[in-house]
Student: 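This is the structure I have questions about; it appears just below.
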Amino acid sequence: MPTTYRIAEAAALLGVSDDTVRRWIDSDRLAASREAGPAQVDGADLARVATELHAAPAPGATRSSSARNRFTGIVTRVVRDTVMAQVEIQAGPFRIVSLMSREAADELGLETGVRAVATVKATQVSVDVP
């Protein structure tokens with residue numbers, strides 16, 4: 001079953017307003033279905049837009065910040081081999097990459113378009129599914 005998000009959820013994941021998401025749907029930048037109830041945005045399409053929106057800043061272009069340790073975002077890419085998986089998450093302007101066992105990625109159901117939370121501690125990144 002494909003992952004979908006309500007407009008407010010999609011807006012929060014992208015760091016934009018609900019109205020912006022509605023405009024993107026109306027202009028066909030973002031696909032949505034309106035079968036029964038509120039509009040639902042396709043998770044894979046949302047991941048594509050998230051990647052386009054938040055390209056990495058140029059070195060030295062960001063100001064000092066005190067980022068918190070948990071970043072909620074959307075999975076934009078999962079690369080699996082027989083033992084390991086590389087999971088990329090776009091959390092607002094932050095792109096986070098985690099290496100984990102394939103078994104862990106499979107158990108969490110990590111696929112493009114799935115909401116996930118990256119927890120950063122020192123040099124290790126753990127991924128949780130809310």
Side-chain angles (χ1 to χ4, degrees):
M1 183 168 134
T3 303
T4 60
Y5 296 95
R6 293 186 334 257
I7 288 176
E9 293 173 317
L13 289 169
L14 295 177
V16 299
S17 71
D18 295 7
D19 287 336
T20 297
V21 172
R22 286 186 192 95
R23 281 192 299 274
W24 288 345
I25 291 169
D26 291 342
S27 69
D28 294 327
R29 180 175 184 186
L30 191 58
S33 63
R34 293 184 176 102
E35 293 171 12
Q40 297 287 314
V41 176
D42 176 69
D45 199 40
L46 187 63
R48 177 189 56 78
V49 171
T51 303
E52 291 171 2
L53 284 178
H54 298 292
T62 58
R63 296 187 311 214
S64 297
S65 69
S66 178
R68 300 296 184 241
N69 293 338
R70 292 178 57 85
F71 300 92
T72 300
I74 187 167
V75 176
T76 56
R77 184 171 182 231
V78 180
V79 178
R80 290 176 168 88
D81 67 16
T82 56
V83 178
M84 298 297 292
Q86 177 180 319
V87 179
E88 296 182 20
I89 298 172
Q90 192 69 46
F94 306 106
R95 177 178 167 261
I96 300 164
V97 179
S98 176
L99 298 176
M100 64 183 70
S101 69
R102 180 190 178 118
E103 180 182 15
D106 291 345
E107 286 177 6
L108 290 170
L110 296 174
E111 298 292 341
T112 299
V114 170
R115 181 193 331 238
V117 178
T119 304
V120 180
K121 179 67 178 170
T123 60
Q124 181 228 351
V125 175
S126 299
V127 177
D128 306 320
V129 176

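Note that the coordinates shown come from a computational prediction; the quantities given were computed from them, not determined experimentally.
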Student: Which donor-acceptor pairs under 3.5 Å do side chains of residues 101-113 form with protein atoms, sequence neighbours excluded?
Tutor:
residue	atom	partner	partner atom	Å
Ser101	OG	Ala104	N	3.0
Arg102	NE	Asp106	OD2	3.4
Arg102	NH1	Asp81	O	2.9
Asp106	OD1	Arg80	NE	2.7
Asp106	OD1	Arg80	NH2	3.3
Glu111	OE2	Arg80	NH1	3.4

Student: Of all heavy-atom pairs between Ile74 and Gly43, which one has the smallest distance, and what is that distance?
Tutor: CD1-O, 3.6 Å
Student: Is Val41 linked to Val16 within one hydrophobic cluster, defined over Ile, Leu, Val, Met, Phe, Trp and Tyr using a side-chain heavy-atom separation of less than 4.5 Å?
Tutor: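 Yes, because Val41 and Val16 connect within a single hydrophobic cluster, where side-chain heavy atoms sit under 4.5 Å apart.
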Student: Given a cutoff of under 4.5 Å between side-chain heavy atoms of I, L, V, M, F, W and Y, with clusters grown through shared members, what are the other residues clustered with Leu99?
Tutor: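 Answer for Leu99: Val83, Met84.
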Student: Not counting sequence neighbours, which residues clear side chain to side chain donor-acceptor pair (under 3.5 Å) with Arg48? List them please.
Tutor: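 In terms of side chain to side chain donor-acceptor pair (under 3.5 Å), with neighbours along the sequence ignored, Arg48 is linked to Asp45, Glu52.
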Student: Compare every heavy atom of Ala118 with every heavy atom of Ile89, then report the nearest pair and how far apart it is.
Tutor: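 In this case the closest contact between Ile89 and Ala118 is CD1-CB, 4.2 Å.
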Student: Only counting residues at least two apart or in another chain, list the ones meeting side chain to side chain donor-acceptor pair (under 3.5 Å) with Glu88.
Tutor: Arg77, Gln86, Arg95
Student: Which atom names give the shortest non-hydrogen contact between Leu46 and Tyr5, and what distance separates them?
Tutor: CD2-CD1, 3.7 Å
Student: Below 3.5 Å, can you tabulate the donor-acceptor pairs from side chains in residues 25-36 to any protein atom, sequence neighbours excluded?
Tutor:
residue	atom	partner	partner atom	Å
Ser27	OG	Arg23	O	3.1
Ser27	OG	Trp24	O	3.3

Student: Ignoring hydrogens, what is the shortest heavy-atom contact between Ile7 and Asp18? Give both atom names and the distance.
Tutor: CG2-O, 3.7 Å
